[in-house]
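The structure displayed is predicted, hence computed values, not measured ones.
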Amino acid sequence: MGVDRHADAAGIEVTENVGRTGVVGVLQNGPGRTVLIRADMDALPVQETTGLAYASRVAGVMHACGHDTHTAMLVGAAQALARGRRHWSGTVLFVLQPAEETGEGALALRADGLLEQFPRPDVLLAQHVSAGPVGLVAHVEGPVLAASTSIHIVIHGRGGPGSRPDTTIDPIVIAAAVVGRLQSIVAREIAPRRSAVVTVGRIKAGTANNVIPATAGCPCAPPRARSGTGS
């Protein structure tokens with residue numbers, strides 16, 4: 001972890017395992033306001049095949065949504081503020097938040113006493129990379145990015161042999177129709193001036209290629225996004 005490796009030289013006091021896998025660094029520089037700078041560091045269950053020098057070294061896990069960029073930005077901000085402390089005074093909290101994709105990381109940090117164990121911030125700053133021109137920094141008042149939610153659907157049909165589909169109610173055919181219909185929500189039910197994304201990320205059905213299953217969808221427990229550094 002970059003913050004931990006350079007913390008002593010920069011005068012940053014680092015606490016690990018906050019909210020299970022979160023990391024908090026505190027840089028105190030005299031009287032003044034307390035500013036919290038937050039970056040998320042999720043690793044998602046995706047195999048990285050980029051071949052880049054900084055690619056994930058953990059099989060089946062990578063920073064698939066810019067989380068390594070967010071971590072690098074926070075480390076860079078910590079280094080810059082530590083070097084330029086003669087230009088400011090106050091306290092800065094550097095928070096590396098796990099499990100941003102599921103929303104559980106922020107709750108875990110709060111439950112573990114982030115606001116009681118460390119100086120309470122007057123200002124909170126966060127950022128997220130996005131596609132756009134190089135050098136562009138977008139900032140607006142109010143909400144910028146939306147939260148997400150997941151829905152787990154199980155379609156119940158009637159199973160049977162693949163050679164006798166007329167005696168069954170095939171849930172896979174129904175599931176295929178559901179996927180197509182879900183994709184039309186954004187195209188036909190959301191106004192063009194609004195932003196929305198609907199993604200079907202997982203379908204599970206059947207055990208053999210000659211058997212029509214009784215259910216389709218996600219009858220198992222919902223998968224959790226893995227959190228941590230992953231690389």
Side-chain angles (χ1 to χ4, degrees), residues 19 22 36-50 56 60-74 95-110 123-157 169-206 212-228 230:
L36 186 153
I37 305 177
R38 166 261 187 203
D40 53 277
M41 57 175 188
D42 278 353
L44 302 181
V46 177
Q47 179 64 43
E48 184 161 9
T49 59
T50 62
S56 172
V61 179
M62 69 170 291
H63 293 288
C65 191
H67 305 289
D68 48 354
T69 304
H70 301 161
T71 303
M73 293 163 67
L74 186 83
V95 177
L96 287 165
Q97 175 196 320
E100 180 255 0
E101 292 284 342
T102 62
E104 297 175 354
L107 295 175
L109 288 172
R110 187 179 67 179
V123 179
L124 287 79
L125 303 174
Q127 76 292 319
H128 200 293
V129 294
S130 182
V134 174
L136 173 68
V137 177
H139 180 270
V140 298
E141 183 178 355
V144 178
L145 300 176
S148 64
T149 188
S150 297
I151 300 174
H152 302 274
I153 300 172
V154 179
I155 297 171
H156 296 272
I169 299 175
D170 192 340
I172 295 180
V173 174
I174 299 172
V178 169
V179 171
R181 179 65 183 90
L182 288 174
Q183 295 306 316
S184 70
I185 291 176
V186 174
R188 290 295 174 263
E189 298 185 27
I190 303 298
R193 63 182 178 276
R194 299 180 59 193
S195 297
V197 175
V198 175
T199 297
V200 178
R202 188 182 190 209
I203 293 180
K204 183 177 181 180
I212 294 174
T215 62
C218 189
C220 56
R224 292 174 177 265
R226 293 185 59 179
S227 60

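One finds the CD1 atom of I172 at 9.5 Å from the OG1 atom of T215 (value rounded to the nearest 0.5 Å). Once rounded to the nearest 0.5 Å, the distance linking NE2 of H67 with CD of Q97 reads 10.0 Å. Remark: I174 CD1 to I153 CD1 distance equals 12.5 Å, nearest 0.5 Å. Rounding to the nearest 0.5 Å gives a distance of 7.0 Å between OG1 of T199 and CD of Q183. We find the CG-CD distance between L74 and Q127 to be 7.0 Å, quoted to the nearest 0.5 Å. With values rounded to the nearest 0.5 angstrom, L124 atom CG is found 10.0 Å from R38 atom CZ.
Across all non-hydrogen atoms, the minimal contact from L182 to V198 is O-CG1, 3.9 Å. Of all heavy-atom pairs spanning A205 and A216, the tightest one is CB-CB, 3.7 Å.
P171 is listed as a side-chain neighbour of I212, based on a closest heavy-atom distance under 4.5 Å.
For T50, the side chain to side chain donor-acceptor pair (under 3.5 Å) partners are E48, not counting sequence neighbours. Residues passing the side chain to side chain donor-acceptor pair (under 3.5 Å) test with H70, sequence neighbours excluded: D40.
Here the side chain of H63 pairs no donor or acceptor atom with the backbone of L44 at under 3.5 angstrom. For S56 (side chain) and V61 (main-chain N/O), a donor-acceptor pair under 3.5 Å exists by modelled atom type.
Applying the 6.0 Å contact sphere to CD1 of I151 captures no more than 12 heavy atoms from other residues, nucleotides or ligands.
Sorted by first and then second residue, the salt bridge (Lys or Arg N to Asp or Glu O under 4.0 Å) pairs involving residues 173-193 (not counting sequence neighbours) are R181-E189.
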